[in-house]
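Here the structure comes first, spelled out in structure tokens, and everything after it is commentary.
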Protein chains: 2
Amino acid sequence: MNSALRTGVETFAPLYIEVKRLITQGLIEAEWEPGSALPSETRLAQRYHVSIGTIRRAVDELVAEQILVRQQGRGTFVATHDPKRLLFHFFHIVRSDGVKQLPETETLAFERDRADTSIARRLNLLPGERVIRIRNLLRLAGEPILLDEIVLSQARFPDLTEKIFRERDATVYALYQTRYGINIVRAAERLRATIAERASARLLKIPPGAPLLEINRTAMTYHNTPVELRKSLVNTAEHEYWSDFGKG
Amino acid sequence: MNSALRTGVETFAPLYIEVKRLITQGLIEAEWEPGSALPSETRLAQRYHVSIGTIRRAVDELVAEQILVRQQGRGTFVATHDPKRLLFHFFHIVRSDGVKQLPETETLAFERDRADTSIARRLNLLPGERVIRIRNLLRLAGEPILLDEIVLSQARFPDLTEKIFRERDATVYALYQTRYGINIVRAAERLRATIAERASARLLKIPPGAPLLEINRTAMTYHNTPVELRKSLVNTAEHEYWSDFGKG
DNA sequence: AAGTGGTCTAGACCACCAT
DNA sequence: TGGTGGTCTAGACCACTTA
């Protein structure tokens with residue numbers, strides 16, 4: 001049924017790309033929720049009227065993007081933001097000896113604001129639209145290492161309150177996922193070196209003027225839609241940021 | 001011929017992994033040199049006594065790791081260190097507005113030294129083995145932005161002299177490739193913020209005490225074999241380090 | 001034992017590039 | 001026109017998980 005999917009579609013892509021789009025659409029519409037299993041490959045093949053090989057090709061790519069997770073003998077699952085995935089996929093700070101630790105988050109501030117032109121551009125909003133601004137202090141092994149400032153579109157997180165944010169039982173990205181159905185699947189970061197100002201220095205218990213690593217992150221959901229801006233200041237005296245490229 | 005390749009092999013992996021290993025071995029032994037074409041997939045299938053599908057699977061992975069490059073209608077080629085690949089794959093500094101520029105390199109020092117325990121461990125050498133230490137100043141659009149210190153195993157680059165290094169006609173990684181047959185395919189980096197010392201400050205034309213981004217890179221060839229250590233100090237006043245993860 | 005993903009095959013047809 | 005990689009199919013068998 002090579003062309004069954006394509007009738008009425010104006011733009012032509014390989015079948016497996018169409019299938020990938022359809023599966024992603026199912027994820028967006030929460031037909032399959034994070035943590036749950038997709039139908040088996042045989043069933044997906046029947047559903048989309050393509051061969052299993054084509055399904056596998058589509059799922060292969062979603063697995064490579066860490067949107068889906070295969071488990072032999074069990075099934076294929078929608079990736080969740082469990083702490084392990086966070087640690088290996090979205091948290092790139094390690095102790096200088098290479099040991100990874102889970103951060104503990106303390107919320108310092110929760111404010112409502114309006115998007116300036118820069119934030120609007122980066123979040124696909126109009127200048128002046130409402131945003132939420134959250135500041136956190138992250139500790140590793142009890143030591144304050146990282147200051148975060150998160151900016152979210154108010155419209156995307158309509159009922160988010162400081163209380164909800166503080167009393168979440170899991171990571172921030174797991175909160176986006178479970179409560180708002182937004183699954184963060186990708187992040188782009190820009191890094192620079194800077195100097196600690198008085199306020200940051202005090203919170204991180206370092207002298208003013210000490211060097212800090214500044215990380216500007218844009219976190220995205222499916223189709224590279226930006227969801228969260230995050231500016232982090234990291235004390236890299238005993239910790240480092242790791243980055244690995246060229247590995248398949 | 002499912003088991004043809006496996007006879008006499010003590011460890012069992014999927015066929016396409018074996019094929020991938022054999023192709024990689026051909027690359028290591030320079031049977032196919034960077035820039036040249038591999039045999040067609042049909043021929044590779046005949047040579048290794050597997051189906052084309054299995055060849056494609058193996059080549060797919062090598063393409064994903066950017067070790068090979070497919071060009072429809074032309075063939076499959078061994079990746080080279082042309083400036084474009086360098087810029088998009090191994091050089092992660094961009095101007096703050098996102099523009100990528102090719103750096104110009106000025107060699108400041110070329111020395112011979114012995115590996116201390118840290119260098120020996122990271123380069124898979126024994127402490128005390130001979131190493132080459134090269135310092136460079138990199139300019140972007142004429143401005144000194146980056147200080148590099150490169151450490152190489154003398155044994156791997158036996159006849160490398162300052163003259164050869166300075167008078168290379170292409171990038172450093174292209175030199176490793178064309179003269180020593182070493183193809184850098186992967187890099188792992190650790191970043192931290194630091195403060196400019198007097199010497200660095202002078203070379204980068206910034207005040208002492210200004211913040212600098214320190215990048216510690218291990219560059220690897222096939223099979224994750226470490227080849228080069230590189231410590232970079234970057235003036236991130238007008239430039240940034242970019243990192244993107246979660247994209248397939 | 002039944003169901004899932006994982007591997008491998010063989011062959012068809014298409015899109016692209018060189019000549 | 002002939003050769004290359006790109007897509008798609010259909011089916012076989014294996015490895016693993018669960019019940």
Side-chain angles (χ1 to χ4, degrees), chain A residues 1-7 9 11-23 26-27 32 35-79 248, chain B residues 1-7 9 11-23 26-27 32 35-79 248:
Chain A
M1 299 287 168
N2 196 323
S3 61
L5 279 173
R6 301 185 177 191
T7 51
V9 177
T11 155
F12 290 87
L15 246 192
Y16 74 88
I17 296 287
E18 290 294 327
V19 170
K20 186 181 168 189
R21 201 181 54 71
L22 290 167
I23 294 175
L27 295 171
W32 308 296
S36 68
L38 259 69
S40 76
E41 299 183 343
T42 315
R43 254 182 272 273
L44 287 173
Q46 291 164 356
R47 166 166 176 172
Y48 296 125
H49 305 292
V50 298
S51 76
I52 284 194
T54 301
I55 293 292
R56 286 193 62 79
R57 189 84 143 84
V59 172
D60 277 348
E61 296 214 347
L62 291 165
V63 168
E65 294 169 28
Q66 302 188 252
I67 289 169
L68 298 178
V69 177
R70 281 209 184 93
Q71 289 182 241
Q72 184 173 149
R74 299 222 311 132
T76 300
F77 300 82
V78 186
Chain B
M1 299 286 168
N2 194 321
S3 61
L5 278 173
R6 302 185 177 191
T7 53
V9 177
T11 157
F12 291 84
L15 246 191
Y16 74 89
I17 296 288
E18 290 294 326
V19 170
K20 186 181 168 190
R21 200 181 54 72
L22 290 167
I23 294 175
L27 296 170
W32 308 296
S36 68
L38 257 69
S40 77
E41 299 183 342
T42 315
R43 255 183 269 274
L44 287 173
Q46 292 164 354
R47 164 166 177 173
Y48 296 125
H49 306 291
V50 298
S51 76
I52 285 195
T54 301
I55 292 292
R56 284 194 63 79
R57 189 86 143 81
V59 172
D60 277 348
E61 296 215 348
L62 291 165
V63 168
E65 294 169 28
Q66 302 188 253
I67 288 169
L68 298 178
V69 178
R70 282 210 184 92
Q71 288 183 243
Q72 185 173 149
R74 300 223 309 132
T76 301
F77 301 81
V78 186

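These numbers come from the heavy atoms of this one structure, side chains and all, not from hydrogens, waters or symmetry mates. Chain letters run A, B, ... following the sequence lines, proteins first and then strands; every chain starts at 1.
- Using a 4.0 Å cut-off, no side-chain N or O of B:Thr76 falls inside it from OP1 or OP2 of D:dT4.
- The residue A:Arg57 sits close only to the backbone: its heavy atoms come under 4.0 Å of sugar-phosphate atoms, none of a base.
- Using a 4.5 Å cut-off on side-chain heavy atoms (C-beta onward), B:Leu15 and B:Tyr48 make no contact.
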Find every protein N or O atom lying less than 3.5 Å from an N or O atom of nucleotides 17-19 of chain D, and list the pairs.
unit_1	atom_1	unit_2	atom_2	d
D:dT18	OP1	A:Arg74	NE	3.4
D:dT18	OP1	A:Arg74	NH1	3.1

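- Atom pair A:Glu18:CD and D:dT7:C1' shows a separation of 13 Å (rounding to whole Å applied).
- Here D:dT7 is the nucleotide among D:dT9, C:dC8, D:dT7 with the atom lying nearest to any side-chain atom of A:Pro14.
- Separating the CG atom of A:Leu68 from the P atom of C:dT4 is a distance of 16 Å, rounded to the nearest angstrom.
- For the pair A:Ser40 and C:dT4, the criterion of a side-chain N or O lying under 4.0 Å from OP1 or OP2 is met.
- Within 4.0 Å (heavy atoms only), B:Thr42 reaches no atom of the nucleic acid at all.
- Looking at every heavy atom in both residues, A:Trp32 comes nearest to A:Leu27 through O-CD2, 3.9 Å.
- Distance from the side chain of B:Ser51 is smallest for C:dC8 among the nucleotides C:dC8, D:dC8, D:dG6.
- Atom pair A:Ile52:CD1 and D:dC8:P shows a separation of 16 Å (rounding to whole Å applied).
- Whole-Å rounding puts the A:Glu61 CD to D:dC8 P distance at 11 Å.
- Rounding to whole angstrom units, CG of residue B:Leu15 and P of D:dC14 are separated by 14 Å.
- The nearest whole Å value for the distance from the CG atom in A:Asp60 to the C1' atom in D:dG6 is 15 Å.
- Residue A:Ile55 contributes atom CD1, which lies 9 Å from atom P of D:dT9 at whole-angstrom precision.
- In this structure, A:Arg43 and A:Leu38 have side chains that are not in contact, with every pair of non-hydrogen atoms separated by 4.5 Å or more.
- Nearest nucleotide to the side chain of B:Arg56, out of D:dT4, D:dC8, D:dG6: D:dG6.
- Nearest approach of B:Glu18 to B:Ala13, heavy atoms of both residues: OE2-CB, 3.9 Å.
- Under 4.0 angstrom from either OP1 or OP2 of C:dT7 there lies at least one side-chain N or O belonging to B:Tyr16.
- Residues A:Ile17 and A:Glu61 come closest through the heavy atom pair CD1-OE1, 4.4 Å.
- Taking OG of A:Ser40 as the start and CD of A:Gln46 as the end, the distance is 7.5 Å to the nearest 0.5 Å.
- When side chains are defined from C-beta on, A:Leu68 counts as touching A:Val78, because their heavy atoms get closer than 4.5 Å.
- If you measure from atom CG of A:Leu62 to atom P of C:dG5, you get 14 Å, rounded to the nearest angstrom.
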